[in-house]
Amino acid sequence: MISVKLPDGSAKELSDGASAADLAKSISDGLARVAVAAKVNGAVVDLQRALPDGADVQILTKKDAEALDVLRHSAAHLMADAILRIFPKAQLTIGPVVDDGFYYDIYLPDQKITPDDFPKIEAEMAKIVKAGHPFVRCVSDFNEANEFYQRYKAIDGGHNKFKQELVGGIKDRGEELTFYKHGDFIDLCRGPHVPDTSWLKHVKLTKVAGSYWRADAEREQLQRVYGTAFFSKNELEDYFKFLEEARKRDHRVLGEQLELFFMDEDAPGFPFFYPKGATIWHLLVDFMLGNLRRRGYHEVKTPLVLSEHMWHTSGHYDNYMENMFFTKMKLRDEERPEKVNENVDEERPMAVKPMNCPGHLMLYRTRLHSHNEFPLRIAEMGLVHRRELSGVRHGLFRVQAFTQDDAHHFCTPDQIKGEIGMLIDFFKEIYGAFGLTDVHIELSTKPEKAIGDAGVWEKAEAALKETLEEKDIEYQLNEGDGAFYGPKIDFHIRDSLKRSWQCGTIQLDFSMPARFGLVYIGADGQRHTPVMIHRACYGSVERFMGILIEHFAGAFPLWLAPLQVQIIPVSEKFSEYAKLINAKLVEFGLRSEVNFKDDRVGYKIREASLQKIPYAIVLGEKEQEAGTVNVRSRDKGELGEMQLDNFLSGIEEWKK
RNA sequence: GCCGGCGUAGCUCAAUGGCAGAGCACUGGUUUUGUAAACCAGCGGUUGCGAGUUCGAAUCUCGCCGCCGGCUCCA
């Protein structure tokens with residue numbers, strides 16, 4: 001007999017060699033039916049595995065997050081089996097679980113797997129599901145003569161050097177070599193898996209993409225087939241509904257439909273803003289500037305271009321060169337004026353700024369500072385340019401030029417915690433103003449490519465940790481993810497679809513002030529090097545705008561709506577009255593216009609709705625006679641006829 | 001940058017080797033309109049750019065540019 005401990009603390013006696021499946025059955029038949037896998041001493045294993053005496057055991061059902069991973073990993077095997085049946089030359093590599101599904105990387109240099117193949121693959125998968133093959137764990141040794149090893153090698157021809165490499169790694173680490181088989185298919189795998197293939201009814205392939213063996217661009221190119229799996233049809237359908245909803249909110253699509261911005265192939269990664277988009281951009285900037293002024297920031301403007309020399313001083317040249325735009329001249333040849341010499345170096349080469357900090361450092365050092373001015377907060381809506389690889393550009397989210405709501409705090413070492421604490425509260429308040437209240441914080445530490453000495457890094461990291469802990473804020477630690485000049489705190493916010501976006505950042509810098517020779521006169525009358533804090537709340541104004549477009553699905557709250565009211569005269573006869581009302585609305589401070597087009601009211605209402613304008617005001621004979629307005633709200637439908645003053649006073653309330 | 005897919009009117013898309021088309025938008029007209037699409041007409045194109053194959057290329061081939069999906073997850 002063995003005894004195992006259940007999550008509720010109780011013990012259960014089982015016969016020797018009993019499995020988690022036996023345990024589940026001994027608890028209840030119902031549990032046995034829904035059991036997916038088991039957690040034994042903290043590790044997720046198959047239900048069929050024999051339980052060790054004295055183990056802590058938890059039966060996992062579809063309600064447990066780990067169970068979904070097990071299901072999806074099994075689905076990856078299922079897909080691999082089906083793909084091998086259709087593409088016999090395919091060589092399997094790895095097939096892990098990812099956030100919203102799974103993938104399998106496949107080496108198949110002479111053939112392409114495309115979404116057109118999905119129906120075939122899925123049909124094959126359905127057959128295997130129907131057969132209900134049990135997943136069987138097969139333990140092998142490293143002798144290739146082993147039965148399972150042999151069977152496995154027969155699966156993809158025995159020439160699969162990728163799996164051989166993996167087996168080598170397992171051997172080197174001294175781990176157990178296991179295969180999992182279902183039906184005739186067998187694959188190198190650590191497991192665990194669901195009991196049998198009939199669990200995999202709700203599986204769908206989603207996309208194909210390229211990848212590399214070991215994520216190394218120098219190695220073999222693989223084809224990555226993505227899929228997802230759920231325990232129920234409903235969950236699978238909900239997932240696709242979510243994707244559909246996200247697609248409808250795509251800021252690139254809404255950006256065109258709502259006339260906010262556009263891209264042109266002659267300016268890749270450089271967005272153009274239409275008047276409506278520019279309005280939102282300015283609203284975001286004005287909102288931020290007001291908040292900065294209230295907190296004692298000083299707004300400055302620094303140049304877009306600095307000498308290359310300055311970028312050597314700052315360390316950007318060495319650490320960020322690939323992402324910078326450099327200036328080169330084109331000169332007519334002195335001998336042959338028709339010839340143009342390309343890419344001529346300037347005597348003093350210049351570079352476009354990818355960050356604002358050097359400019360702020362140069363500004364700081366123009367005069368002597370006292371500790372009495374500290375903390376000194378210098379802010380700039382700084383336009384920066386960063387070269388990005390062509391394949392990574394994406395709408396407003398990844399561009400080559402954007403405006404940072406950037407600021408640098410100069411302070412004494414003992415002011416650091418106060419500044420960090422202030423910033424955390426400040427940033428959360430800003431996000432809250434947009435209804436973005438789900439914020440989580442990550443702390444990133446020293447990367448491989450770093451400047452400054454190790455002791456300084458440790459001090460900086462400790463300062464950030466202590467502040468977070470003293471404020472009792474939960475955070476995630478990302479080792480090695482810091483900026484090259486210092487550790488940082490990043491703010492991640494979840495939008496209305498629960499998607500996470502990184503926005504704000506607070507970065508400590510104990511290096512750059514020294515590189516630029518910055519000093520302040522301390523209370524002791526001596527010169528000291530100030531501490532510098534880099535910080536941005538939106539991060540990029542343009543990107544933040546993209547996030548807001550998706551968060552609100554283009555239906556901006558009144559204060560952010562580029563056009564707040566559109567007036568719709570019932571016919572041309574009421575144009576004058578419409579102009580009069582519009583003038584009053586504009587006078588009141590609203591962004592309002594009249595739709596003078598010769599269309600039916602219904603058509604104009606439709607257009608106003610599609611443009612997601614918060615209020616449409618219909619004006620006709622009745623309203624003109626009575627001196628009233630007839631209001632339709634985007635969110636609440638028709639509000640009916642009312643006095644203009646009532647509309648205006650109601651707006652304060654309605655906009656919430 | 002790499003892999004896969006794609007690029008036709010401002011937008012969404014059709015035409016698969018044989019005369020470049022439709023709807024919306026836009027312009028003009030009719031209509032004078034009452035809460036999600038009135039009617040008629042017109043304008044709109046070097047089919048991303050450049051070479052090649054062909055009697056003939058939007059369509060096939062090659063190169064370039066751009067866009068879309070991926071490229072952290074290690075059985």
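Throughout, protein chains are lettered first and strands after them, A, B, ... in sequence-line order, and every chain is numbered starting at 1. Predicted, not measured: the structure shown is a model, and the values here were computed from it.
Residue contacts shown for A:Ile170 include a base, since a base heavy atom lies under 4.0 Å away. Heavy atoms of A:Gln221 sit under 4.0 angstrom from primed sugar atoms or phosphate atoms, though from no base atom. As judged by a 4.0 angstrom heavy-atom cut-off over every strand, A:Leu610 is placed among the base-contacting residues. Nucleic acid contact class of A:Glu322 (heavy atoms, under 4.0 Å, all strands): none. Within 4.0 Å (heavy atoms only), A:Asn630 reaches at least one base atom of the nucleic acid. Counting non-hydrogen atoms under 4.0 angstrom, A:Gly602 reaches the backbone sugars and phosphates but no base. Residue A:Leu389 is classed as a base contact, given a heavy-atom separation below 4.0 Å to a base. When heavy atoms are screened at a 4.0 angstrom cut-off, A:Gln223 is found touching no nucleic acid atom at all. If you check every strand for non-hydrogen atoms under 4.0 Å, A:Lys622 touches a base. Residue-level contact check: A:Val167 touches neither bases nor backbone, having no heavy atom under 4.0 Å from any strand. At a threshold of 4.0 angstrom between heavy atoms, the contacts of A:Glu176 include nucleobase atoms, whether or not backbone atoms are also involved.
Minimum atom distance to the side chain of A:Val618 is reached by B:G34, of the listed B:G34, B:C71, B:A36. Comparing B:C11, B:C74, B:G70 by their nearest atom to the side chain of A:Lys207 picks out B:G70. Residue A:Tyr226 places its side chain closer to B:C71 than to any other of B:C71, B:G34, B:A36. Comparing B:A75, B:U72, B:C67 against the side chain of A:Pro268 picks out B:C67 as the nearest. Candidate nucleotides B:G66, B:A75, B:U72 were compared by shortest atom distance to the side chain of A:Ala215, and B:U72 ranks first. You'll find that the side chain of A:Arg190 is closest to B:A75, out of B:A75, B:C73, B:C67. Nearest nucleotide to the side chain of A:Arg224, out of B:C74, B:U35, B:C71: B:C71. Comparing B:G1, B:A75, B:G34 by their nearest atom to the side chain of A:Val570 picks out B:G34. Set against B:A25, B:C73, B:C67, the side chain of A:Arg393 has B:C67 as its closest nucleotide. Counting only heavy atoms from C-beta on, A:Ala209 has its side chain closest to B:G69 among B:G34, B:C71, B:G69.
Contact annotation: A:Lys597 reaches the phosphate of B:C26 (side-chain N/O to OP1 or OP2, under 4.0 Å). Listed pair A:Arg600 / B:A37 fails the phosphate criterion, with no side-chain N or O lying under 4.0 Å from OP1 or OP2. Contact check, A:Tyr212 against B:G1: no side-chain N or O comes under 4.0 Å of OP1 or OP2. Between A:Lys573 and B:U32 there is no side-chain polar atom (N or O) within less than 4.0 angstrom of OP1 or OP2. In this structure, A:Arg252 reaches the B:C68 phosphate: one of its side-chain N or O atoms is under 4.0 Å from OP1 or OP2. Contact annotation: A:His394 side-chain N/O to B:G69 OP1/OP2 distance is under 4.0 Å.
Taking atom C1' on both nucleotides, B:A37 is separated from B:G1 by 47 Å, rounded to a whole Å. B:C65 sits 35 Å from B:A22 when the P atoms are compared, rounded to a whole Å. Spacing between B:G50 and B:U46 at atom C1', rounded to whole Å, works out to 12 Å.
Here the CD1-CG distance, from A:Ile94 to A:Leu188, works out to 11.5 Å after rounding to the nearest 0.5 Å.
Within a 6.0 Å sphere centred on NZ of A:Lys204, other residues, nucleotides and ligands contribute 12 heavy atoms or fewer.
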Margin query: Is there a side-chain contact (heavy atoms from CB on, under 4.5 Å) between A:Phe179 and A:Val136? Walk through the geometry before answering.
Written below: CA-CA 8 Å; A:Phe179 296 93; A:Val136 181; over 6 Å; no

Next item on the list: Let me see the working for A:Glu623 and A:Glu641 under side-chain contact (heavy atoms from CB on, under 4.5 Å), right down to the final yes or no.
Entry: CA-CA 7 Å; A:Glu623 292 76 16; A:Glu641 197 176 337; 4.3 Å; yes

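Under the Watson-Crick or G-U wobble criterion, with both distances below 3.5 Å, B:G7 is paired with B:C65. Under the Watson-Crick and G-U wobble criteria, each requiring two contacts below 3.5 Å, nucleotide B:A25 is left unpaired. Here B:C2 sits opposite B:G70 as a Watson-Crick or G-U wobble pair (both hydrogen-bonding atom distances under 3.5 Å). Using the Watson-Crick or G-U wobble rule with both distances under 3.5 Å, B:G18 pairs with B:C55. B:A36 makes up no base pair with any nucleotide shown, lacking Watson-Crick or G-U wobble contacts both under 3.5 Å.
A:Glu388 contributes no side-chain N or O that forms a donor-acceptor pair with the base of B:G1 under 3.5 Å.
Residues A:Asp481 and A:Ser444 bring no donor and acceptor atom of their side chains to less than 3.5 Å of each other. Side-chain atoms of A:Asn143 and A:Tyr149 form no donor-acceptor pair, as typed in the model, at a separation below 3.5 Å. Counted by atom type alone, A:Asp187 and A:Tyr104 present one or more donor-acceptor pairs between their side chains at under 3.5 Å.
One interatomic measurement links the two molecules: NE2 of A:His182 to P of B:A75, which rounds to 18 Å at whole-angstrom precision. In this structure, A:Leu254 places its CG atom 13 Å from P of B:U12, rounding to the nearest Å. Rounded to whole angstrom, the span from the CD atom of A:Glu607 across to the P atom of B:C11 amounts to 18 Å.
The aromatic rings of A:Tyr320 and A:His316 lie perpendicular to each other, with more than 60° between the two planes, well past the 30° mark.
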